[in-house]
Colleague: 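Handing you a structure now.
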Amino acid sequence: RPRVAQDVTHDPLYFDSSLLPNVRSSIALPLKSRGQVNGALIIESDRRFAFTGEIVSTLELMATQLANMIESADLYDRSQSSLAETRMLYRIAQQITDALTVENVFKAVVEGISQRPEPDWIVAAQLEPRLAPTHMRIVWSWSRDGAPVPFETYPLDQIPRLASMLRDDESFVTPDVTQDSQVDEFIRTMFGQLGLRAMAAFQLRIYGVQYGTVMIHSRKAREFSNTELRFYENVSRQAFVALQNINLVEETREQAERRDILNEVLRTASSSLDRLSLMRDVGRVIAARLDRPVLMWNWDNQLLTSVSV
């Protein structure tokens, strides 16, 4: 969480610097991505109590986006792939970054991974509903022979082991899903019927909560190479960054809409001359902005009457 000193002269943790003698208030925000702090954003002011709650919320969003961009840049720095693979990762990352919707992010991930020669089947699924998920819905899929996925969801009550492993770990890899005792019988049977053996699954998280999964399958039983797994992990992390940024943009838009509605209500209320006209005018604004019917009631200490909106 951010550390705010509204008056540095009364904050024992603030480090006084001779280079900035006029600082009166300060805020430090961690640059944190995927649970790891990679730096800090420090902003100082020559006014006391300069950081209101709204400013702090805006700076937190900014710090999160900056941390995500740093994490995205670090992914490239840590890559030990060949030049051709790095170029491929860059193209895929650009397509993921350019995606503006969740569906397009999943599409870019699946189509990007399908450029490698090893996968025979790729599925990207999203947990639904978000608050209390009961299944994973397939958002995008691909198969080398063009065969469609013969189902639309994975019911979580039939894959409790796999769901638990993906919830607790970032990935699950097996050379032969049909022979792995850790995998649910439902998965072993279903993928066996589809002729799929080797599997690598990577979870996608937003704010520490599992959002979905990317699963890569091969028709042959085989071990995945470290290079191949690093490639899949990099693409999955790029998807995580993109999904989190989409979520941040949506939150920012919703906050802006709420502030805009509140400002319009206040402007309308301030221009109304009497109680009934105030209730009528404010009710009309709320009904128009929320696109919902609104019923206003007036109580004069004796009688409750409706106000026409």
Side-chain angles (χ1 to χ4, degrees), residues 92 95-96 98-116 118-174 176-180 182-207 209-221 224 232-233 235-247 250:
I92 296 170
Q95 292 168 351
I96 292 174
D98 291 342
L100 300 178
T101 65
V102 171
E103 180 173 311
N104 285 339
V105 169
F106 280 118
K107 176 183 177 182
V109 169
V110 171
E111 292 182 347
I113 292 176
S114 70
Q115 296 177 38
R116 291 191 65 96
E118 300 93 345
D120 293 313
W121 195 295
I122 307 169
V123 170
Q126 179 180 350
L127 285 170
E128 292 184 347
R130 290 289 302 278
L131 295 180
T134 59
H135 61 274
M136 287 195 296
R137 179 178 64 87
I138 296 176
V139 180
W140 209 265
S141 62
W142 170 91
S143 63
R144 189 163 298 280
D145 57 9
V149 177
F151 47 86
E152 297 181 352
T153 64
Y154 296 94
L156 295 183
D157 60 352
Q158 297 190 47
I159 56 170
R161 293 181 183 176
L162 180 61
S164 177
M165 285 186 286
L166 288 174
R167 184 171 57 248
D168 297 335
D169 300 302
E170 290 191 4
S171 62
F172 173 74
V173 181
T174 178
D176 190 346
V177 69
T178 65
Q179 303 298 318
D180 196 323
Q182 296 185 75
V183 179
D184 305 278
E185 179 63 29
F186 176 83
I187 291 287
R188 292 202 300 269
T189 302
M190 178 178 63
F191 288 150
Q193 292 173 348
L194 293 172
L196 303 175
R197 306 293 290 276
M199 181 182 84
F202 298 85
Q203 66 160 309
L204 304 174
R205 285 178 178 265
I206 293 183
Y207 301 129
V209 178
Q210 188 182 0
Y211 188 87
T213 300
V214 177
M215 289 183 280
I216 301 98
H217 303 272
S218 293
R219 294 198 178 279
K220 294 181 179 180
F224 290 86
Y232 300 149
E233 183 179 6
V235 174
S236 298
R237 287 186 176 182
Q238 292 289 348
F240 152 80
V241 172
L243 290 171
Q244 184 152 297
N245 280 336
I246 288 174
N247 195 65
E250 181 64 22

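Note that the numbering runs from 1 along the sequence shown for the chain.
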Colleague: To check you understand the geometry: which heavy-atom pair defines the closest contact between Met136 and Ala125, and what is its length?
Modeller: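 Smallest interatomic distance, heavy atoms only, reads CB-CB, 3.9 Å.
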Colleague: Ion pair present between Glu233 and Arg237, side-chain N to carboxylate O less than 4.0 angstrom?
Modeller: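 A salt bridge is present here (some side-chain N lies under 4.0 Å from a carboxylate O).
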Colleague: Which pair of heavy atoms, one from Leu194 and one from Arg219, lies closest together, and at what distance?
Modeller: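 Residues Leu194 and Arg219, closest heavy atoms: O-NH1, 2.7 Å.
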Colleague: Are Thr134 and Thr153 side-chain neighbours, meaning at least one heavy-atom pair lies under 4.5 Å?
Modeller: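 With C-beta onward as the side chain, the pair stays apart.
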Colleague: Determine, stepwise, if the pair Val123 / Tyr154 fulfils side chain to side chain contact (heavy atoms under 4.5 Å, CB included).
Modeller: CA-CA 11 Å; Val123 170; Tyr154 296 94; 3.9 Å; yes
Colleague: Calculate, to the nearest 0.5 Å, the distance between atoms CD and OG1 belonging to Gln126 and Thr213 respectively.
Modeller: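 If we round to the nearest 0.5 Å, Gln126:CD and Thr213:OG1 are 10.5 Å apart.
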Colleague: Would you check if Ser171 and Tyr232 make a side-chain contact, meaning some heavy-atom pair closer than 4.5 Å?
Modeller: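 In short, these two side chains do not touch, never coming nearer than 4.5 Å.
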Colleague: Taking all atoms of both residues into account, what is the closest heavy-atom pair of Leu162 and Met199, and its distance?
Modeller: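 Here Leu162 and Met199 meet closest at CD1-CE, 4.2 Å.
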Colleague: Under the 3.5 angstrom rule, does the side chain of Asp184 hit a backbone N or O of Arg161 as a donor-acceptor pair?
Modeller: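 Confirmed, Asp184 side chain pairs with Arg161 backbone.
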Colleague: Does His135 reach the side chain of Glu128, with side-chain heavy atoms less than 4.5 Å apart?
Modeller: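 Yes. Closest side-chain heavy atoms under 4.5 Å.
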Colleague: Please lay out, stage by stage, how Asn104 and Trp140 fare under the test side chain to side chain contact (heavy atoms under 4.5 Å, CB included).
Modeller: CA-CA 9 Å; Asn104 285 339; Trp140 209 265; 6.0 Å; no
Colleague: Pair Val235, Ile96 - check side chain to side chain contact (heavy atoms under 4.5 Å, CB included), show working.
Modeller: CA-CA 9 Å; Val235 174; Ile96 292 174; 4.1 Å; yes
Colleague: Could you give the distance from CZ (Phe191) to CG (Asp176), rounded to the nearest 0.5 Å?
Modeller: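 Between Phe191 CZ and Asp176 CG, I get 12.5 Å after rounding to 0.5 Å.
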Colleague: Examine distances only and state if a side-chain atom of Arg197 and a backbone atom of Thr178 form a donor-acceptor pair shorter than 3.5 Å.
Modeller: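 Pair absent, no side-chain N/O of Arg197 close to backbone of Thr178.
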Colleague: Is the number of heavy atoms from other residues, nucleotides or ligands within 6.0 Å of CD (Glu185) greater than 12?
Modeller: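 Yes, the 6.0 Å shell around CD holds more than 12 heavy atoms from other groups.
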Colleague: Using modelled atom types only, decide if a donor and an acceptor are shared between the side chain of Asp180 and the backbone of Thr174 within a distance under 3.5 Å.
Modeller: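 Checking the backbone N and O of Thr174 against the side chain of Asp180, no donor-acceptor pair under 3.5 Å is found.
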Colleague: Minimum heavy-atom separation for Glu118 and Ser218, please, with both atom names.
Modeller: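 Taking every non-hydrogen atom into account, O-OG, 3.4 Å.
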Colleague: Just say parallel, tilted or perpendicular for the rings of Tyr211 and Phe106, cut-offs at 30° and 60°.
Modeller: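 If you compare the ring of Tyr211 with that of Phe106, the planes turn out parallel.
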Colleague: Are Val102 and Leu243 side-chain neighbours, meaning at least one heavy-atom pair lies under 4.5 Å?
Modeller: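 A side-chain contact exists here, since the closest heavy-atom pair is under 4.5 Å.
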Colleague: How far apart are the C-alpha atoms of Ile113 and Trp142, what are their side-chain angles, what is the distance that settles it, and do they pass the side chain to side chain contact (heavy atoms under 4.5 Å, CB included) test?
Modeller: CA-CA 10 Å; Ile113 292 176; Trp142 170 91; over 6 Å; no
Colleague: So, for Ala200 and Phe224, which heavy atoms are closest and what is the spacing to 0.1 Å?
Modeller: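 So the minimum-distance heavy-atom pair works out to N-CZ, 3.7 Å.
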Colleague: Can you find a heavy atom in the side chain of Leu204 that is under 4.5 Å from one in the side chain of Ser236?
Modeller: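 Side chain of Leu204 against side chain of Ser236, heavy atoms only: contact under 4.5 Å found.
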Colleague: Identify the heavy atoms of Ile92 and Ala108 that sit nearest to each other, and give their distance.
Modeller: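 Taking every non-hydrogen atom into account, CG2-O, 4.2 Å.
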